[in-house]
Amino acid sequence: QVFRLEDYRPSDYLIPQTRLTFRLARGATIVVAELTVERRPGTDAGAPLTLDGDGLKLKRLELDGVGNPTHEATPDKLVLTQLPESRSFRVLIETELDPDHNKALMGLYRSNGVYCTQCEPEGFRRITYFLDRPDILSVYQVRIEAPKPEAPLLLSNGNRVAGGDLENDWHFAEWHDPHPKPSYLFALVAGDLGCLRDSFTTMSGRKVELGIHVEHGKEKLAAYAMDALKRSMKWDEDVFGREYDLDVFNIVAVSDFNMGAMENKGLNIFNDKYVLADEATATDADFANIEAIIAHEYFHNWTGNRITCRDWFQLCLKEGLTVFRDHEFSADQRSRGVRRIAEVRTLRGLQFPEDQGPLAHPVRPRRYREINNFYTATVYEKGSEVVRMLRTILGAETFRASMDLYFERHDGQACTIEDFLKVFEDASGRDLSQFGLWYNQSGTPNLTVSPSYEAGILTLDIEQSVPPTPSESRKRAMHIPLAFALIGSSGEELDFSAAEGATVENGVIHVRKRSHKLRFHGVAERPVLSLNRGFSAPITVAMEQRPQDLIFLAGHDSDPFARWQAFNTLQTDALIAAYRLLLGGKEAKYQKDIAQLAGRIATDATLEPAYRALALTLPSETDIARDIGRDIDPDAIFSARSKLAAFIAAANREPFGKLYEELGSLEPFSPDAASAGRRALRNTVLGYLARIDGGADIAARHYNTATNMTDLIAGLGTLAHEHAASSQAGAALADFAARHASMPLALDKLYQIQSTAPGTQALETVRALMRHPAFHIDNPNRVRALLGAFSAGNQTGFHRADGAAYTFFADALLEIDSGNPQLSARLATAFRSWRSLEPVRQEKARQALVSIAAASSVSVDLRDIVERSLA
Ligand code: ARG
Ligand code: ZN
């Protein structure tokens, strides 16, 4: 079944009130739903009430207190006909669930003995029959009954209003959420957990009780998450004027979870990977992710919960906007320039390939078969970039005024992208209809820019094009805000007296047509162009730039992103040239200046260490593959990249060695951005030092003297990837496994390192690790760490030329699919760029996809990804 945006129709009925009673028992959990149903004004009195279900077992049905009314029930649907004439009536539905055997992790399930729920997008219908769509807002009252020893903790949304003991050592709690909400925001948790408590006083002086619930004994590991939560609450008040609106805010960490976390009203549920952290168990990257995800889910309280989506096509209304908000939060908490570079790397690493392959879709899709497959980098990350462009175009003040208007106008509503854009149009008086294409047209726009300079006049010939994507062959011209600077020979920004040919304001060129001839008058000297500064638009830019100009920008651009980009472009150009040489049977060749520049950047004390670490990180193999675009040979890419790293290392042996020692002076651990930046720089430099003689010893010493997980993983990864055959690597891997035998989240890091070790033998390693006693195929974290990392992060291992890894992976996907379709479908996106491979691998990958499609039982989720990939 295909769902289409244009088919949206309001429901015939509303459910203003929902009363739920859960009796949680092993094997058979009972759910009683008492719904107050209202016929929508204008609905025919004879209209049936059709409720969504998914695999449900109906035990009892009543209409206005009378049993067994006229109805038709299947596991996936409940239709009531011959309804009362009165506008409002009551429906009672009793269903029976088996949370222990729910491996899909949607609806009500048990994770590590804890009952928990995941309802977004369509999990609520696995709990009871309902109008399970986001435009049905209901006030929930929830009663949970459970055996007290097994589940002393009983949580749901809103505020706790009652509780007490029952017979046979059972007890109950009742929760009331005064804010009408869609069913996807419903949540319940019951179990035996420890709790870290704190409180936050809001800007109007209301005290909110905060609780983070984790496995007993792990309370201390929630301290960083709690700190991040309080900072998020404060930040949303300061920056967006948004205050929290309940008396309690609870977060629960569970160990089986399909995504990062979920923003259920007043009761966020998290993948424990994004809650638990201390220096011994989490890397700096984990700390940064925890901070960002805690913030993200908290910010959903306004952008998502108070104002929600009319239908799932509007998913980016809450996700893109909330990602933008969490990006801004991290920028304010850490280093703005460094965060921006990291964001762009994520976007290019995950979203650009999506946009360039068979799974491309607009930020607001127009059709889907399975909505779970649209929680994508396009909806989230590109969606965030679109909001960022709105701010660039309107300016920070008008942007804030528009957001104020959005909250004021739409609080309590289920909205569309049109509602959102209208707010910005009304607050600014601008016409944003062309800008709206960013939501509706897929593909990454490209700008070709040809500059020429003569007698004080700089001319830019700008051409825009959007490549064709599935079901959109003809594209319209987009509104692209291109931030720029003209940089003079002394590194200063040059002025110009006038610009004609396009609107230029506040350092931004507004590209709106397919082609512009843009003239800047009164430019004192031939400038070096700094374009798409701060990555003002999610596009690719093609411009012939002399290497000396790029070197100049890499040393002088005052915009940190553009400065990083200049060096990154130099690296990419060198890598692609070497790749071509290697394919032609020649030696890879690199110019000295690239190594010199690396040395200068590494030791430039005026630059933040975190920035230096990013600049020294070569484009990944997937980055390079994406930029080459077609006929990819992953082995040649790997070889070109290793050779450039070795070349840079050899040329900088001394400065790198010295820097490594300087950065190694022990300081007490702190997860803050500056300390993390120093560790990142030292660990990046380690990656280079490991490539010259004695490298295995340096890496082994690094591993053996590490006092935190970040350094430990850096040492281990360097050994396992750069010196796989060494005795030191073997020893470190065994040591890490033994030391963390009872710590699944730490073992995930081991799986990830081992599955991404370059070369064909990785497949055997992965096969062996799947039999590791701590590996469980129904735990998404384990699967992602092993199979996700292997397929998405091991270009030479996964894409080995004989196709053996594809066959293996296809089989593994089918096995996962039988329990958790969402997970198998997500993993299958590793095939999305199969058409850009060289012909031999391409054919093997295609065969693997075809074999999945031909399997006897494949979920809708997995089939959707596979068939779109093949189309
Ligand atoms: N709304 C959650 C977030 O981004 C993601 C939940 C997605 N769930 C899913 N089953 N696809 O914060
Ligand atoms: Zn979200």
Side-chain angles (χ1 to χ4, degrees), residues 54 102-109 111 116-127 132 134 157 181-187 228-229 232 236 251-254 256-271 273-275 289-309 312-330 346 350 363 365 368-384 387 780 784 819-829 859-862 864-865:
D54 181 359
N102 179 352
K103 299 297 170 205
L105 313 185
M106 285 293 274
L108 177 66
Y109 64 96
S111 169
C116 65
T117 54
Q118 170 58 34
C119 292
E120 186 183 0
E122 296 177 337
F124 193 73
R125 61 185 67 183
R126 291 164 61 90
I127 295 173
D132 190 16
N157 316 91
K181 64 168 176 289
S183 50
Y184 81 86
L185 290 174
F186 165 79
L229 173 61
S232 304
D236 213 12
I251 290 176
V252 179
V254 300
D256 300 81
F257 204 75
N258 272 339
M259 314 280 282
M262 180 62 211
E263 71 264 22
N264 318 301
K265 183 79 186 189
L267 177 53
N268 290 358
I269 299 182
F270 270 64
N271 185 327
K273 172 179 162 65
Y274 297 117
V275 173
N289 280 332
I290 289 170
E291 180 178 81
I293 297 176
I294 290 273
H296 179 96
E297 306 310 332
Y298 175 72
F299 297 158
H300 268 315
N301 191 54
W302 276 95
T303 49
N305 301 4
R306 291 287 288 250
I307 304 178
T308 194
C309 303
W312 291 119
F313 295 100
Q314 322 295 329
L315 183 58
C316 61
L317 176 74
K318 72 180 180 77
E319 295 304 346
L321 176 56
T322 304
V323 171
F324 171 74
R325 277 150 52 71
D326 85 55
H327 282 174
E328 281 301 294
F329 170 73
S330 290
T346 304
L350 300 176
V363 171
Y368 61 75
R369 278 197 291 176
E370 174 49 64
I371 187 57
N372 268 309
N373 288 342
F374 284 82
Y375 287 73
T376 60
T378 297
V379 169
Y380 277 65
E381 312 302 323
K382 188 173 179 181
S384 163
V387 177
R784 280 187 289 255
N820 189 339
Q822 227 181 100
L823 182 59
S824 58
R826 173 57 64 115
L827 289 172
T829 61
S859 67
V860 176
D861 308 54
L862 180 58
D864 172 49
I865 296 289

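All values derive from a computational prediction rather than experimental measurement. When a ligand or atom number is given, it counts from 1 through the structure's own listing order.
Contact check for Ser330 versus His296: no side-chain heavy atoms found under the 4.5 Å cut-off. Trp312 has its side chain within reach of Glu120: a pair of non-hydrogen atoms, C-beta onward, lies under 4.5 Å apart. Arg784 places a side-chain heavy atom less than 4.5 Å from the side chain of Leu823.
In this structure, Asn258 falls outside the shell of residues with a heavy atom less than 4.0 angstrom from ligand 1.
Within ligand 1, the atoms closer than 4.0 Å to a non-hydrogen atom of Glu319 are 1 (N), 2 (C), 3 (C), 4 (O), numbered from 1 in the order shown. Annotation for ligand 1: atoms under 4.0 Å from non-hydrogen atoms of Gln118 are 8 (N). Near Lys318, the atoms of ligand 1 lying under 4.0 angstrom from a non-hydrogen atom of the residue are 1 (N). Each of the atoms 9 (C), 10 (N), 11 (N) of ligand 1 lies under 4.0 Å from some heavy atom of Gln822. For ligand 1 and Met106, the ligand atoms under 4.0 Å from any heavy atom of the residue are 10 (N). In summary, the atoms of ligand 1 found under 4.0 Å from a heavy atom of Ala261, numbered by their order in the structure, are 2 (C), 3 (C), 5 (C), 12 (O). Remark: ligand 1 atoms within the under-4.0 Å shell around heavy atoms of Met262 are 1 (N), 2 (C), 6 (C). Per-residue contacts place Glu297 under 4.0 angstrom from the following atoms of ligand 1 (heavy atoms of the residue considered): 3 (C), 12 (O).
Within the model, atoms OG1 of Thr322 and CG of Asp326 stand 8.0 Å from one another, a figure rounded to the nearest 0.5 Å. Interatomic distance, Tyr184 OH to Gln118 CD, rounded to the nearest 0.5 Å: 11.0 Å. Atom CD of Glu263 and atom CD1 of Ile293 lie 12.0 Å apart (nearest 0.5 Å). Atom OG1 of residue Thr376 and atom CD of residue Glu319 lie 10.0 Å apart, to the nearest 0.5 angstrom. For the atom pair OG1 of Thr308 and CG of Leu185, the computed distance is 5.5 Å after rounding to the nearest 0.5 Å.
An angle of 110° is found at the Zn ion (ligand 2) between Glu319 atom OE1 and His296 atom NE2, rounded to 10°.
Ranking protein heavy atoms by distance to atom 6 (C) of ligand 1, first place goes to Glu120 OE1, 3.5 Å. The shortest contact between atom 11 (N) of ligand 1 and any protein heavy atom is with Asn372 OD1, 3.1 Å.
Note on ring orientation: taking the six-membered ring where Trp is involved, the planes of Phe329 and Phe299 are perpendicular (angle over 60°, cut-offs 30° and 60°).
Selection from Tyr184, Tyr380, Tyr375 by nearest heavy atom to atom 3 (C) of ligand 1 gives Tyr380. When His296, Met259, Glu263 are checked for heavy-atom proximity to atom 2 (C) of ligand 1, Glu263 turns out nearest.
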